[in-house]
Student: 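First the structure, which I've put down as structure tokens, then a few questions once you've had a look.
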Amino acid sequence: MEEKSKKNERFIRIQMKEQDPQVRNANFKEVPFGYSDEEAIIEAKRCLKCKKPLCVQGCPVEVKIPEFIGLVAEGKFVEAARKIKETNSLPAICGRVCPQEEQCEIKCILGKKGEPVAIGNLERFAADCEREKGEVALPEMKPKNGKKVGIVGSGPAGLTVAGELAKEGCEVTIFEALHEAGGVLVYGIPEFRLPKEIVKKEVEYLEMLGVKVVKNFVVGRTETIDELLNGSGYDAIFVGSGAGLPSFMRIPGENNIGVYSANEYLTRSNLMKAYLNDANTPIIRGKRVVTVGGGNVAMDSARTALRLGAEESVIVYRRSEAEMPARNAEIHHAKEEGIIFNLLCNPIKIIANEKGFVKGIQCIRMELGQPDDSGRRRPVPVEGSEFEIECDVVIIAIGNKPNPLIPDTTPDIEISKWGTIVANEETMTTSKDGVFAGGDIVSGAATVILAMGQGRVASKSVMEYLSTK
Amino acid sequence: MNTILKKEQLAPQVVRFRIDAPKIAQKRKAGQFIICRSSEDAERIPLTIANGNASEGWIEIIFQVVGAGTMMLAELNEGEEMFDLVGPLGKPTHIENFGKCLCIGGGVGIAPLYPIVCALKEAGNEVTTIIGARSKDILILEEDMKAQSTQLYVATDDGSHGHHGFVSDVFNNLIAEGNTYDFSIVIGPGIMMKVTTDLTLKAGIKTYASLNPIMIDGTGMCGGCRVTVHGETKFGCVDGPEFDASGIDWDLLLQRLNSYTEFEQQAREKETCKLEGV
């Protein structure tokens, strides 16, 4: 009997304890508390240490998963963090925001009979241990090679490239347009999902490696890529400027007061700290907030609205839950916190009062028809099913387009019809000599880890390129 | 970096900073703006560059103290640094030799108009400038404008200086006298731009206006500064700040500028108390 229950235990994951949903929906503190040492060790011991670990294949940056988990199981937490850092310079961030369930964890053999090992939770645990114990150490650094590399944007792609190239001995400078480094990690992802202190620490770690971070510098405006290459003496440039241009729906009333792009809403709350009561940057704290969209950003927005005091926070999405691009964990968290999901429903008009302030959104019911180009069933409007939702804030979270500033100011770089920079997937080289690109400016709008994966690939090509110069 | 080299009170509530900013000074063109923050938790304030000198490495900004953000900014003194300063942002004014140009500025809108007047003059245009303010004591840059313009006309609402009335009256008079213009640019408070561009367009003059929508990042990221031009949504920060006045939805712009009136009122009161030590 005992034997059998042990066997079963192997298939059951240690859940990370979380703030109670009804408490956390009114504060900005992080949702999960993290593992205790004991919990981490028990969870780590579930790993089968496969000879050919499939999980590693699922990871865009090939974290040495069984090895670091083995170290956690032995109680060597700091060593575990360093093992991860051999291929991933931002583990505390990845442990929190990577979609592990569709990358490493989905490949875990344990998942065939039970729950896969909580790789993400363990990654987060190890990284937090190292940071909290103040045991962040410098990795092995190659001697200075005298090469200057400029990096455009301090988001996940840029930070990854910066870390890799600094270790290789390059003199690395990151140019950030905003007044804080981190890109989407600081302006987009809310505090309750990724504490800003962690991003700050990761940036400080890069600075320890010798990376220079220049804020308030808009490449394309303050200096163009050509000026960096020719006048300022950079040997290579990596562009990780992201997909920062918000899409709107082009429906009537979209410019009424109280209609925000998710970017603006989250930037006001996160970067400009409007969630604090004495902040200098205002945000409209709606009583009834409608967020349009079904991705992680929509979940972040709707959950932020609750925390800013909304009595009702509603998600409006034109397809069904199965098609939602958001992570299951995010949808689950949102539901627990009381977000109302209005699915198969599409906005057609935003209504305002006489002063231009939003007072409602008109929607139409949808049903799923034949699959479209994306393979998902196309939503079609149900005639005569229009209805109105009363609200005072509308957040449009239907995606972002690449920022056009670099394409516009770099005449000889090849751009796709979607406005992304064309880069070779295997090398991340662009059509312009000495210029590499990765992250959302290449992929459109994807994930933090994909951006980091491309950053790693790009770092290798940058080194190859520099060696030929 | 970003040190305030010179601080001047141009008029009650109107301040000019000369800032050490060699990179921006070198790149800036007429019509472009910067975003600055006075301290760590301050708002990001967009301000059009009012002047600059590439070889000496400085730029100038002129702002009116209207809200908590500008109050905090005005607290900075010579020798102190701007906490954050980024630019130049936005598209530069399209400058060419149009022939006869008309530049109309109202209030602190005269400040961003100044580099445009200079650039148009340098491109060989004959520049007629009309500037206006509520009253003589808050009229700025009259001498500078006189030096750069072929003709300068001044109007004040209260008649304390120049024509008694609005810049639009002066414009009407010039047209009535039979003057013609090939190009015009209007910068000032929203309502002044709405009224004035309506007149210049009716007179058949190609007209641009420099808009001042509420914005945060200034690089196209937030979309807060969206304006409707010729029925299309544009971003003030990256598509502008200047737009063809014949397509601007002024009512929408004016409405959106009121997004945070209530909040601003509270912030102003709080900041006033803080400054007065209450």
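All heavy atoms count here, side chains included; hydrogens, waters and symmetry mates do not. Since the model is a prediction, treat every value here as computed from it, not as a measurement. Naming: A, B, ... by sequence-line order, numbering from 1 per chain.
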Student: Considering residues, nucleotides and ligands other than A:Lys196, do more than 12 of their heavy atoms fall under 6.0 Å from its NZ?
Tutor: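 Correct, the count exceeds 12.
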Student: Counting heavy-atom pairs closer than 4.5 Å to chain B, which one of A:Leu405, A:Thr267, A:Leu178 comes out on top?
Tutor: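 Option with the greatest count: A:Leu178.
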Student: To the nearest 0.5 Å, what is the distance between SG (B:Cys222) and OH (A:Tyr187)?
Tutor: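 One gets 11.0 Å once the value is rounded to the nearest 0.5 Å.
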Student: Testing the basics here: between B:Pro88 and A:Thr222, what is the closest heavy-atom pair and its distance to 0.1 Å?
Tutor: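 What the structure gives for the nearest pair is CD-CA, 4.2 Å.
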Student: Non-hydrogen atoms of chain A under 4.5 Å away: do they reach the side chain of B:Ile35, the backbone, both or neither?
Tutor: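 Neither; nothing under 4.5 Å.
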Student: Report which part of A:Glu227 has an atom under 4.5 Å of a heavy atom belonging to chain B: side chain, backbone, both, or neither.
Tutor: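 For A:Glu227, the side chain is the part near chain B, not the backbone.
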Student: With respect to chain A, which residue among B:Gly218, B:Ala42, B:Ala68, B:Gly90 yields the maximal number of heavy-atom pairs within a distance under 4.5 Å?
Tutor: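 Highest number of heavy-atom pairs under 4.5 Å: B:Gly90.
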Student: Looking only at non-hydrogen atoms, find the nearest pair between A:Thr281 and B:Phe263 and report the distance.
Tutor: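 For A:Thr281 and B:Phe263, the tightest heavy-atom pair comes out as C-CZ, 4.1 Å.
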Student: To the closest 0.5 Å, what do you measure between NE2 (A:His179) and CG (B:Leu85)?
Tutor: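 Between atom NE2 of A:His179 and atom CG of B:Leu85 there are 13.5 Å.
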Student: For chain A, which of B:Ile24, B:Leu89, B:Val238, B:Asp217 has the most heavy-atom pairs under 4.5 Å?
Tutor: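 Greatest number of close heavy-atom pairs with chain A: B:Leu89.
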Student: Between the side chains of A:Asn255 and B:Thr228, is a donor N or O closer than 3.5 angstrom to an acceptor N or O?
Tutor: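 A pair is found: one side chain offers a donor N or O, the other an acceptor, under 3.5 Å apart.
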Student: Check whether more than 12 heavy atoms from other residues, nucleotides or ligands sit under 6.0 Å from atom CD of A:Glu207, and answer yes or no.
Tutor: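 Atom CD in A:Glu207 is packed in, count exceeds 12.
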Student: In terms of heavy-atom proximity below 4.5 Å to chain A, should B:Arg37 be classed as side chain, backbone, both, or neither?
Tutor: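 Looking at B:Arg37, just its side chain touches chain A.
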Student: Take atom NZ of B:Lys29 as the centre, draw a 6.0 Å sphere, and report whether it contains more than 12 heavy atoms from other residues, nucleotides or ligands.
Tutor: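 No, not enclosed.
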Student: With a 4.5 angstrom heavy-atom cut-off, could you sort out which part of A:Ala243 is near chain B: side chain, backbone, both or neither?
Tutor: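 Neither; nothing under 4.5 Å.
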Student: Do you know which of A:Lys273, A:Met272, A:Glu180, A:Lys215 has the most heavy-atom pairs with chain B at a distance under 4.5 angstrom?
Tutor: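 Top option by heavy-atom pairs under 4.5 Å: A:Met272.
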Student: Which answer fits A:Phe248, side chain, backbone, both or neither, if we ask what part of it has an atom under 4.5 Å from a heavy atom of chain B?
Tutor: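 Interface part for A:Phe248: side chain.
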Student: So that I can tick it off, tell me whether A:Glu223 and B:Lys27 are bridged by a salt bridge, with the cut-off set at under 4.0 angstrom between side-chain N and carboxylate O.
Tutor: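 No, no charged N to carboxylate O under 4.0 Å.
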Student: Under 4.5 Å, counting heavy-atom pairs only, tell me which of A:Ile257, A:Asn263, A:Val218 racks up the most with chain B.
Tutor: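 Most pairs with chain B among the choices: A:Ile257.
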Student: With no hydrogens and no angle check, just 3.5 Å: does a side-chain donor-acceptor pair link A:Asn216 and B:Asp84?
Tutor: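 Yes, a side-chain donor-acceptor pair sits under 3.5 Å.
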Student: Without swapping roles, check the side chain of B:Arg226 against the backbone of A:Glu254 for a donor-acceptor pair under 3.5 Å.
Tutor: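 A pair under 3.5 Å: yes.
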Student: Do other residues, nucleotides or ligands put more than 12 heavy atoms under 6.0 Å from the CD atom of B:Gln9?
Tutor: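 Counting neighbours around CD of B:Gln9, more than 12 heavy atoms of other residues, nucleotides or ligands fall under 6.0 Å, so yes.
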Student: Check the pair A:Arg268 / B:Ile216 against side-chain contact (heavy atoms from CB on, under 4.5 Å), numbers first and verdict last.
Tutor: CA-CA 8 Å; A:Arg268 281 181 182 273; B:Ile216 308 178; 3.3 Å; yes
Student: Between A:Ser261 and B:Gly223, is there a donor-acceptor pair closer than 3.5 Å when you use the side chain of the first and the backbone of the second?
Tutor: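 The answer is no, because no donor-acceptor pair under 3.5 Å joins these two groups.
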Student: Tell me whether A:Lys148 at atom NZ has more than 12 heavy atoms from other residues, nucleotides or ligands lying less than 6.0 Å away.
Tutor: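 Yes - once you tally the heavy atoms of other residues, nucleotides and ligands closer than 6.0 Å, there are more than 12.
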Student: Decide if atom CD of B:Glu262 counts as having more than 12 heavy atoms of other residues, nucleotides or ligands within a radius under 6.0 Å.
Tutor: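 For B:Glu262, atom CD is not crowded (no more than 12 foreign heavy atoms under 6.0 Å).
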Student: Non-hydrogen atoms of chain B under 4.5 Å away: do they reach the side chain of A:Lys355, the backbone, both or neither?
Tutor: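 Looking at A:Lys355, just its backbone touches chain B.
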Student: Less than 4.5 Å apart, any side-chain heavy atom of B:Met221 and any of A:Leu245?
Tutor: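 No, their side chains stay 4.5 Å or more apart.
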Student: Do you know which two heavy atoms are closest between B:Gly220 and A:Pro246, and how far apart they sit?
Tutor: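 Looking at all heavy atoms of both residues, the closest pair is O-CD, 3.4 Å.
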Student: Between A:Ile284 and chain B, with a heavy-atom cut-off of 4.5 Å, which part of the residue counts as in contact: side chain, backbone, both or neither?
Tutor: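 Interface part for A:Ile284: both.
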Student: If you tally heavy-atom pairs under 4.5 Å against chain B, which of A:Gly356, A:Pro282, A:Pro404 wins?
Tutor: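 Ranked by heavy-atom pairs under 4.5 Å with chain B, first place is A:Pro282.
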Student: Could you tell me whether the side chain of A:Asn280 and the main chain of B:Glu43 form a donor-acceptor pair under 3.5 Å?
Tutor: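 Judged by distance alone, no pair lies under 3.5 Å.
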